[in-house]
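Written out below as structure tokens is the structure these notes cover.
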Protein chains: 2
Amino acid sequence: MAKSEKISEAVVRRLPIYLRYLSYLQQVGVTTVSSQQMGKNLDINPAQIRKDLAAFGDFGKKGIGYDVNYLVEKIRQILKLDQEIRVALVGAGHLGHAISNYNAFLKDQIRIAAIFDSDPAKQGKQIAGITIQPLEELKETVKERHIRLAIITVPAAAAQSVADLLIEAGIEGILNFAPTTIRTEKEVRIHYADVTSSLQSLAYYLT
Amino acid sequence: MAKSEKISEAVVRRLPIYLRYLSYLQQVGVTTVSSQQMGKNLDINPAQIRKDLAAFGDFGKKGIGYDVNYLVEKIRQILKLDQEIRVALVGAGHLGHAISNYNAFLKDQIRIAAIFDSDPAKQGKQIAGITIQPLEELKETVKERHIRLAIITVPAAAAQSVADLLIEAGIEGILNFAPTTIRTEKEVRIHYADVTSSLQSLAYYLT
DNA sequence: TAGATTGTTAATCGATTAACAATC
DNA sequence: TAGATTGTTAATCGATTAACAATC
């Protein structure tokens, strides 16, 4: 009896955490879970978990808890992981290699469908079975292969122009590993995953 | 005339972003910057930038703005980047390799000082000039080399036990790339950098 | 001086948490 | 039924933004 409020970013960031724990419960054969048990394991307030989930529907049963399989299915739907999502990766350096070979997405239907690099020496070579292409082919390939998300693993100096190219090609969301802020007027979602910033903010808490 | 309020996590997360932009200004020879200019470039409200900085001291000049060099120095101090910070990396897989070879930290005095992996086939080999050691040597090495932070790039199943080991060794902060929540009762700061979660939450915003 | 911009207060906005009726 | 746990409201807490006096 919930729904139709505006969903905050904080909630959306927690959904993958819930999904991850629920998938684990599936693996170990647990069929029902309470918000209390989830909260204890994930270090999140149980009331928050209930509120987060209730924003999307009445997924639980009073007095019982949540059916694990059902909740996994629902969260996958909410996150649009019930369809294959194709991702372009730009920047075939060390980090690009690592991510391309990281197949943990696969069970979520997230698939790296194209890899680009501006270095001619890398073009034509393969990573994880995907041929590295020049940036000139990006726009066409993105459209042909119905690629909707992108991962940027190029140096900071190149990130903005790569992002512009991706956005022009119609990409809807970008995960940016380059240590730089990306600016755009278009309606594109940009998430940041900068190792340096994460480490630097960690350093603040040193005693 | 500020100081001595409790600094929120949100502020600490923004400081590296400020630092990054200010370093860029240094490179291109800009000596003074206003909160307005910073805000425009970083997509952050100027009032927020002023408030963030004012929490640590009066770094600006009314009518003028902030001296870039001075502000860089101050933020480095706040983030404790004015001293060398040694980091241990656990997990010498693709991602561990990529991070070890990523030398963008170096100018911030963040240095990977030891690498560990449980795989005997990797032990003894070198990455970026550092010899991979078995986990059995972790505790001793962390103490010997005065290592204070750690990066976890092991599979999810091993992350908790690795974290326990690190915490026992006296590590003060952990950047965890493994897709799992780490639990601890100790006073240890844990930051998360999980690619899968980031991509999954990005998928939510697909239209 | 006039214009610009800080530091800071007050107002707003949003997110988290506690509490509890509903109900399995 | 008794115990457990949800969904939801209200209370709290915290973070962001607007506005402006101080002042370079």
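Chain letters run A, B, ... following the sequence lines, proteins first and then strands; every chain starts at 1.
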> For DNA chain C, what residues of residues 25-49 of chain B have any heavy atom nearer than 4.0 Å?
Replying inline: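 Heavy-atom cutoff 4.0 Å gives Ser34(B), Ser35(B).
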Tell me: [atom1] of [X] to [atom2] of [N], nearest whole Å?
X	N	atom1	atom2	value
Lys61(A)	dT23(C)	NZ	C1'	12 Å
Ile7(A)	dG14(C)	CD1	C1'	14 Å
Asp52(A)	dA15(C)	CG	P	10 Å
Lys51(A)	dT12(D)	NZ	P	16 Å
Leu71(B)	dT5(C)	CG	C1'	14 Å
Phe59(A)	dC24(C)	CZ	P	17 Å

Would you tabulate the side-chain donor-acceptor contacts of residues 195-207 of chain A under 3.5 Å, counting partners in other chains and residues two or more places apart, or write 'none'?
residue: Ser197(A); atom: OG; partner: Asp194(A); partner atom: OD2; Å: 2.6
residue: Ser197(A); atom: OG; partner: Arg20(B); partner atom: NH2; Å: 3.3
residue: Ser198(A); atom: OG; partner: Asp194(A); partner atom: O; Å: 3.1
residue: Gln200(A); atom: NE2; partner: Asp108(B); partner atom: OD1; Å: 3.2
residue: Gln200(A); atom: NE2; partner: Asp108(B); partner atom: OD2; Å: 2.9
residue: Ser201(A); atom: OG; partner: Ser197(A); partner atom: O; Å: 3.3
residue: Ser201(A); atom: OG; partner: Ser198(A); partner atom: O; Å: 3.1
residue: Thr207(A); atom: OG1; partner: Glu172(B); partner atom: OE1; Å: 3.0

Holding to salt bridge (Lys or Arg N to Asp or Glu O under 4.0 Å), I want the full list of residues that pass it with [X], two or more places apart in sequence or in another chain.
X	answer
Lys40(A)	none
Glu144(B)	none
Glu73(A)	none

Distance check: side-chain N/O of [X] vs OP1/OP2 of [N], anything under 4.0 Å?
X	N	answer
Ser8(B)	dG14(D)	no
Arg13(B)	dA15(D)	no
Arg50(A)	dT6(D)	yes

Compare the minimum distances between each of [options] and the side chain of [X], then state the nucleotide with the smallest one.
X	options	result
Asp58(B)	dT8(C), dT6(D), dA22(D)	dT8(C)
Lys62(A)	dT6(D), dT16(D), dT16(C)	dT6(D)
Tyr66(B)	dT16(C), dT6(D), dG7(C)	dG7(C)

> Yes or no on side-chain contact (heavy atoms from CB on, under 4.5 Å) for Val162(A) and Leu138(A), after CA distance, side-chain angles and deciding distance?
Replying inline: CA-CA 10 Å; Val162(A) 163; Leu138(A) 190 149; 5.5 Å; no
>> Ignoring hydrogens and geometry beyond distance, is a side-chain donor-acceptor pair present between Arg189(B) and His191(B) at under 3.5 Å?
In response: yes
> Going through the distances and angles, do Leu95(A) and Leu95(B) end up as a side-chain contact (heavy atoms from CB on, under 4.5 Å)?
Replying inline: CA-CA 7 Å; Leu95(A) 188 56; Leu95(B) 188 57; 3.7 Å; yes
> Between the axis at one end of the helix from dG3(C)-dC24(D) to dC24(C)-dG3(D) and the axis at the other (five pairs apiece), what's the angle to 10 degrees?
Replying inline: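 Overall, the helix from dG3(C)-dC24(D) to dC24(C)-dG3(D) bends by 20° from one end axis to the other.
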> Of all heavy-atom pairs between Phe116(A) and Ala88(A), which one has the smallest distance, and what is that distance?
Replying inline: CE1-CB, 4.1 Å
>> Is it the case that over 12 heavy atoms from other parts of the model lie below 6.0 angstrom from the OH atom of Tyr192(A)?
In response: yes
>> Return whichever of Glu9(A) or Ile64(A) has its heavy-atom-nearest nucleotide of DNA chain C closer to the 5' end.
In response: Glu9(A)
